[in-house]
Amino acid sequence: MKQLQNWGRTWGPLLGIAVIAIALLVVAPAVLSPFRLNNLGKYVCWAIAGVGIGLAWGRGGMLVMGQGVFFGLGGYAMAMHLKLEAAMATGGPDAVPDFMVLYGDGTMPGWWAPFRSGAFTLAAIVMVPAVVAAVLGWAIFKRRVKGAYFAILTQALAVAFATLLVATIKQTGGFNGLNQFTVFFGYNLYDPTNKRMVYTIAATALVVCLVVVWQLYRSRFGELLVATRDAEERVRFLGHDPANVKLVAFVLAAVMVSVGGALFAPITGIISPSDVDATASILLIAGVALGGRALLLGPAVGALAVGFGRTTLSETFPDQWTYFLGLLFIVVVLFFPAGLGSVSSQVVGRLRTLLPTPRRTPIAAGTDALEVAP
Amino acid sequence: MNDDYLEIRGLSVDFDGFKAIDDVDLTLLQGRLHFLIGPNGAGKTTLVDAVTGLVPATGLVRYRNQDLLRTKPHRIVRAGIGRTFQTATVFEGLSVLQNLDIAGGVHRRAWRMGLARRGTPSYVAEALETIGLAGLRDRPAGVLAHGQKQWLEIGMLLVQDARVMLLDEPVAGMSAEEREQTGDLLRRIGRERTIVVIEHDMDFVRSYADVVTVMHAGKVLAEGTVAAIQADPRVQQVYLGRTAEEADHA
Amino acid sequence: MDAFTTPLLAGTATGALLLIAALGLALTFGQMGVINMAHGEFLMAGAYTTYLTQQVVTDTDLSILVALPAAFLVAGALGLVLEVAIIQWMYRRPLDTLLVTVGVSLLLQQLAKDVFGPQGDPVHTPGWLDGHVDVLGYHWPYRQMFTILLAVAALATLGALLKYTSYGRRIRATVQNRDLAETMGVSTRTVDRVTFFVGSGLAGIGGVAVSLISGTNPNRGTTYIISAFLVVVAGGLGQLKGTVIAAFTVGVVTAFFTDWFSSSMAQVLTFALVVVFLQLRPQGLFTLRTRGLA
Amino acid sequence: MLELREVTAGYGRTRVLENVSLTVPEGGAVAVMGHNGAGKTTLLRVAVGLLPVMRGQVLLDGEDVTRLRPSKRVARGLGYVPQGQLSFPQMTTLENLQLVTPDRSAIDGVLDTFPALRDLLPRRAGLLSGGQRQQLAIARTLLTKPRLLILDEPTEGIQPNVVAEIESVITALTARGDLSVLLVEQHVGFALRSTDSYFVLESGRVTSSGAGGPGALDAVRAAMAV
Amino acid sequence: GGSKSGEASASASCVDTSGDTIKLGFLNSTSGAMAISEQTVRDSLSLATEQINAAGGILGKKIEPVVEDGASDPAVFAEKIQKLLTGDCVAAVFGGWTSASRKAMLPVVESDNGLLFYPVQYEGLEASKNIYYTGATTNQQIIPAMDFLKSKGVKTLFLAGSDYVFPRTANKIIKQYAAKLGIKIVGEEYVPLDDDDWTTQVAKIVAAKPDFVFNTINGSSNVGFIKAYYEQGLSPKTTPIISVSIAEEEAPAMGKDVTGQFAAWNYFESVKSPANAAFIKAFQDKYGADRPTSDPMEAAYTSLYLYKNLVEKADSFDVDKINGVADGVAFDAPEGKVTIDGENHHIAKTALIGRINSDNQFDVVWSSGKPIEPDPFLKGYAWWDPSAK
Ligand SMILES: Nc1ncnc2c1ncn2[C@@H]1O[C@H](COP(=O)(O)OP(=O)(O)OP(=O)(O)O)[C@@H](O)[C@H]1O
Ligand SMILES: Nc1ncnc2c1ncn2[C@@H]1O[C@H](COP(=O)(O)OP(=O)(O)OP(=O)(O)O)[C@@H](O)[C@H]1O
Ligand SMILES: NC(N)=O
Ligand SMILES: [Mg+2]
Ligand SMILES: [Mg+2]
């Protein structure tokens, strides 16, 4: 019996991942129209980012309100490559993207050139956010900036990043962003079969990310990360530098978010500052909060749900759907602080005791009052 | 053995002009239970803070030829110096077992951090027994009572295999029996370790101290056996008060 | 010559506006630990109050003076409702207040759009504010001086409230340890509500100043909120002095960057500067350290 | 003065107290003893109102205050020193005291009991040593002029001669008959000297009780030796 | 895996023409920053729908609008137009405002071989067989505005715009044309779309003392610009402004008397024509007498009628058939007669310059007299060099 329980605890989550994998990779392509499948692909990209946010925020306690930056780094890296591929398909190997001719003088900035290479682009999608996150995180964590400071700082970063993109029309397409991709690593993007292939790549990437965090959460590092979240300074006196612990999670999360952004570009056909700015970043967080930030599957499922909800609500109530979105934030955070993913266990727990729960249930031991004195 | 002592020379801690520690010399030898007592605000906690890198200090603190004042806190821990906190601090969201396991991670290689724990490592199981929390191993540490947390902290030092343990009022809030258990535990593990205990409970000090150092206003006021200290009029005046003799017979 | 005076004076006025918005945040965020992302919408409410006041009090010269207390009350009341309906359940989860108030901010924006229409409404500048003085080549508008005056008045009032009344101690006690404050006889419920009312009300005052710049607009709040938060963070939590310095610094520095580069680049550079600055002083301008692991 | 009637309380789904009843008579002093984790702190938090009861009642001066907020109970004469040397860390020692009353002469009054605090008035409480903070906590609570003083391990971390001072203050106040005391204390000697009856708590239940005084020492020790 | 096929495969249309209704998509931002402007477009589309349906519909089929919110987000526009075209199978989509939204929709309408009617003046340099542009391109608004300035004897000009594609491209054209006309550009300033504080930039105008300000600011940012302009003592007497996106809607929203300022459009509410009188009456009957009409609204209204005429001429809802007959399709619009250019899918429009009067209406002070043929790529303008710095 006990063994069975242990087995469930270890392998149960994998079962959940398998269910998601089957739903996304087998069921969805079979039942959805190409358009809906493509929509789902977009939510999957947000879900990949959500897994990263769950890692940084749910497990690591770092509420990054500027994940849009990493989403954008991946998205723009990919978009630059696709833009160049599209240009080369029509204008030969030295062709430059159309917008540089329209808004600029038709010359391409030097840092665009390497993105003609697909391999370089793939490396950049992983390395650029990793390096940016490492430098940024190193600076921030070593200086022990955390909590609300960290959240607001990163939000400002997202604003600055989006503003920078808008202000550099000739280099990044500005407010318009980058779009009109025709070719994806040699495959024609106007072909429905190829669009489905991009979807499959995204869904697979999501499953891979989930497996990675699954292993991470059950590893000793996962425990150390939670320990760092709960009592950062105390970790120091166990012989670990908490900054390093957080840095690892932060960088890993940034890479996942970047991968989400990179796949977002070919799936939606566009990446623009409004996909990476403060509002976009907050919507990324919304999904994670909805699903349950500290859970394994919560962030991914939550992000899928928010994506689906946005589409459905805005199709059904095109003029009023913002109300629903606003209410969603309020209701979930107010009544399900641990996310909807925790509801089942809450209900079960209630039934088990048949006791009225006290009005102010401590959220987690320790946040409950008279606890920490400096 | 020769190197295994903590040497403090000319240690000073200055808070914007206020000298919380003022030129303190101390040598802490292995195998003896060393007690640090003194009035509130004498500088006992600050001394431990300075040794473990929590506050900047001047002077010299040496352990196994390593200058601790120039070492980062987590490196000090890796050098074998462990401490507990006056207000017990454990990882509230993690179970007792996980708390201990994490503490045991200091000496693991970095890449192994990516692997999951399998079963209960023997040293963790041992520590669980020693601190008497085996029954609570799967409870989140946040729900432990005050004293249980303090035991957990000691347990964390045990799995870390700290060679020097600096314990800041480890038995505060424990009942008489629990103090006794803790005292016996310290005596047992103290044979091959250097242990410093900060404490105000004179009954406890009397029962377990091998050496006592009295601090006052940032300086060492007196040092010696319990009896010698209790007889010292200066110590009586600033610390023990007149109840000292009465308490002797309580 | 005016290459120097223009950014300096215009930046001071921007700083004053940021200060008014940030003062409210300094109360609700700095003192109470609530990250209210709907603070910008309270600003917007102040702007709409100004517009509505002008519909009732048609004498423009007078209407702004009526609008000031009215905006304070309207925004304050909104804050009070928010506190009672939502925030009071969340004092132990500061980061979650951020998410919940994002939802509130979305609701309020949509509400403004539905009530007042997506098109902004005009706010007329009173005659006595319509004009400028020539300061070394810069035509310094009276309106900017008025904004600075408002900020100084708000600062003085709030400073006095915090410093010379026991109320200040009670807010600080409440945020530092809610339960302990309660057991010291502090009615933390009352403290919370008063604080939220005053903090939100200040946003309303800021809204009056904003409406003089550009009228009303359902999205206007979002323009200021992030800068205002940065100001509070850079200034250090719980420290009015730091907030003041940070507000004016951000205002003036942004104005100079705008002058030298462009508005967009100024935003980017100012944010970058604050980030770099926080590297140097992680807890903001004025830090209050305590011992131990807190 | 204070009465707990068949109180059941706990955290989330865990019950920590089961059917605990206890009375602190007017002018009386009651000690609660028990091992680590027995539920002593939980009991006091229920009495003060920081923890809602699951079942049972709390009465103050014969009136049901089960649903009253702590600050309201404080206004009715309850004073509480929590466990753990708590203070308002960013406020100075003086501000910590002024929070209760701006009356300087009242503050001077309690400073006579804790002279060490005098030099620390301008220092922020977060910088004080543990014992200094505990002295401040007791001083602060005394300033509320309570008729019922609830103390959770008040001498924890305090130097011996100050412990003696605290003991004499409590004794003096109770002797005058205008103060009732509910005391959780691990130093059995201290506890029994300062109170006139005791309860022993074991796993959330009252397992033994009786009259206090030094004579009860052996009874309590026996009750607690499990 | 996927197949490496070369040609874009235009998916077969799923538009259902069997019933007695025809679905049309209206895709405007009703949330987000652009809702301010796009809501008015939505209103006049609804008006045209009512009128056409009342008169028997298109080819005898009633219009069934499917409305969607673009949420001021290009990615959402891209998603929604695909949903409209492939999910709802609408026959055509009407909407978009910012160039960003149009650019986002362009690849989708092209790959799905759908139709988009885009109703706003824009920066040109674009033509798609799947888009009809019913607002002005640059040679119908910006270039005439420059001609007007030249005729007024303007020697120095200051450029103020929002920081995005339309103003930046418009100013690129203005600068090249100004060089040709001998007008000196004495300053060029941009502020982000959602920013409203123009104080510093206006101070530069004060210092530069230009004869005229060419204003390409979009949206609510105009209010901040106008307020700052008057605050610092500028006025139409000393430094008049000519705008390309301040219309009847915006003028009274400035909170400032803007009498005497100029705007370049193809339509004003004040245009005297029977068609316009009917349009205004119908609009105000539906939405209230206080609602003004403006150029983008008129262009959207016109776009639906042009579509009706296109379909009826082609006698089909089929995109390729419509494109086949497009050249020369005309409509007697409120602004005057407009005609589609079958080559670039823009329409010939008359350029107008208006001066704001005290009723916030525009008095026409200059007119091109006849519709100007659209030339989105400025091929007919020798001074234009797209790759110049
Ligand atoms: N960061 C600081 N800034 C200013 N003063 C400080 C700081 N840290 C400690 N102090 C002061 O230094 C003195 C020594 O404090 P410390 O905590 O070491 O005393 P202690 O001997 O441990 O006392 P206790 O027995 O009460 O725990 C106290 O007076 C305290 O107020
Ligand atoms: N916030 C909490 N959430 C859940 N359980 C808790 C919480 N606080 C305490 N407990 C549990 O309640 C029990 C009683 O704790 P309590 O703090 O009342 O003990 P105590 O008698 O005061 O112990 P000590 O002498 O160590 O202070 C403990 O077993 C503890 O595990
Ligand atoms: N096309 C425009 N006005 O953005
Ligand atoms: Mg100490
Ligand atoms: Mg306790």
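Just the heavy atoms: all of them, side chains too, but no hydrogens, waters or symmetry mates, feed the values below. Naming: A, B, ... by sequence-line order, numbering from 1 per chain.
- Only the side chain of A:Ile282 comes within contact range of chain C, judged by heavy atoms closer than 4.5 Å.
- For C:Leu269, no part lies under 4.5 angstrom from a heavy atom of chain A.
- Interface remark: C:Ile226 contributes side-chain atoms only to the contact with chain A (heavy atom separation under 4.5 Å).
- Atom CD1 in C:Ile225 sits 8.5 Å away from atom CD in A:Gln155 (nearest 0.5 Å).
- Per-residue heavy-atom pair counts under 4.5 Å with chain A were compared for C:Met37, C:Gln176, C:Gln109, and the maximum is reached by C:Met37.
- Proximity to chain C is limited to the side chain of A:Ile285, based on heavy atoms less than 4.5 angstrom apart.
- Remark: A:Leu164 CG to C:Gln267 CD distance equals 11.0 Å, nearest 0.5 Å.
- Proximity of C:Gln110 to A:Leu325: side-chain heavy atoms (C-beta onward) are nowhere separated by under 4.5 Å.
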Item to complete: Begin with the C-alpha distance, continue with both residues' side-chain angles, and end with the deciding distance and a verdict on side-chain contact (heavy atoms from CB on, under 4.5 Å) for C:Leu107 and A:Tyr323.
Response: CA-CA 5 Å; C:Leu107 284 187; A:Tyr323 286 120; 3.6 Å; yes
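- Proximity to chain C (any heavy atom under 4.5 Å) is shown, for A:Leu328, by neither the backbone nor the side chain.
- Proximity to chain C (any heavy atom under 4.5 Å) is restricted, for A:Ala289, to the side chain, taken from C-beta onward.
- Contact count versus chain A (heavy atoms, under 4.5 Å) is highest, among C:Ser264, C:Ser263, C:Ser262, C:Ala272, for C:Ser264.
- Here the CZ atom belonging to C:Phe271 is positioned 10.5 Å from the CG atom belonging to A:Leu153, to the nearest 0.5 angstrom.
- Of the listed residues (C:Val274, C:Leu230, C:Val104, C:Asp114), the greatest number of heavy-atom pairs within a distance under 4.5 Å of chain A belongs to C:Asp114.
- For A:Ala278, the part sitting under 4.5 Å from any heavy atom of chain C is the side chain, from C-beta outward, and nothing else.
- Checked options C:Leu99, C:Thr97, C:Leu98; the residue passing with A:Val333 is C:Leu99 (criterion: side-chain contact (heavy atoms from CB on, under 4.5 Å)).
- Few gaps surround CZ on C:Arg169; more than 12 heavy atoms of other groups in view lie less than 6.0 Å from it.
- Contact of C:Ile35 with chain A is made through the side chain alone, with heavy-atom distances under 4.5 Å.
- Atoms CG and CG, from C:Leu106 and A:Leu283 in turn, are 7.5 Å apart once rounded to the nearest 0.5 Å.
- In this structure, A:Phe329 CZ and C:Ser105 OG are separated by 9.0 Å, a value rounded to the nearest 0.5 Å.
- Between chain C and the options A:Ala167, A:Ala151, A:Ala156, A:Ala162, heavy-atom pairs under 4.5 Å are most frequent for A:Ala156.
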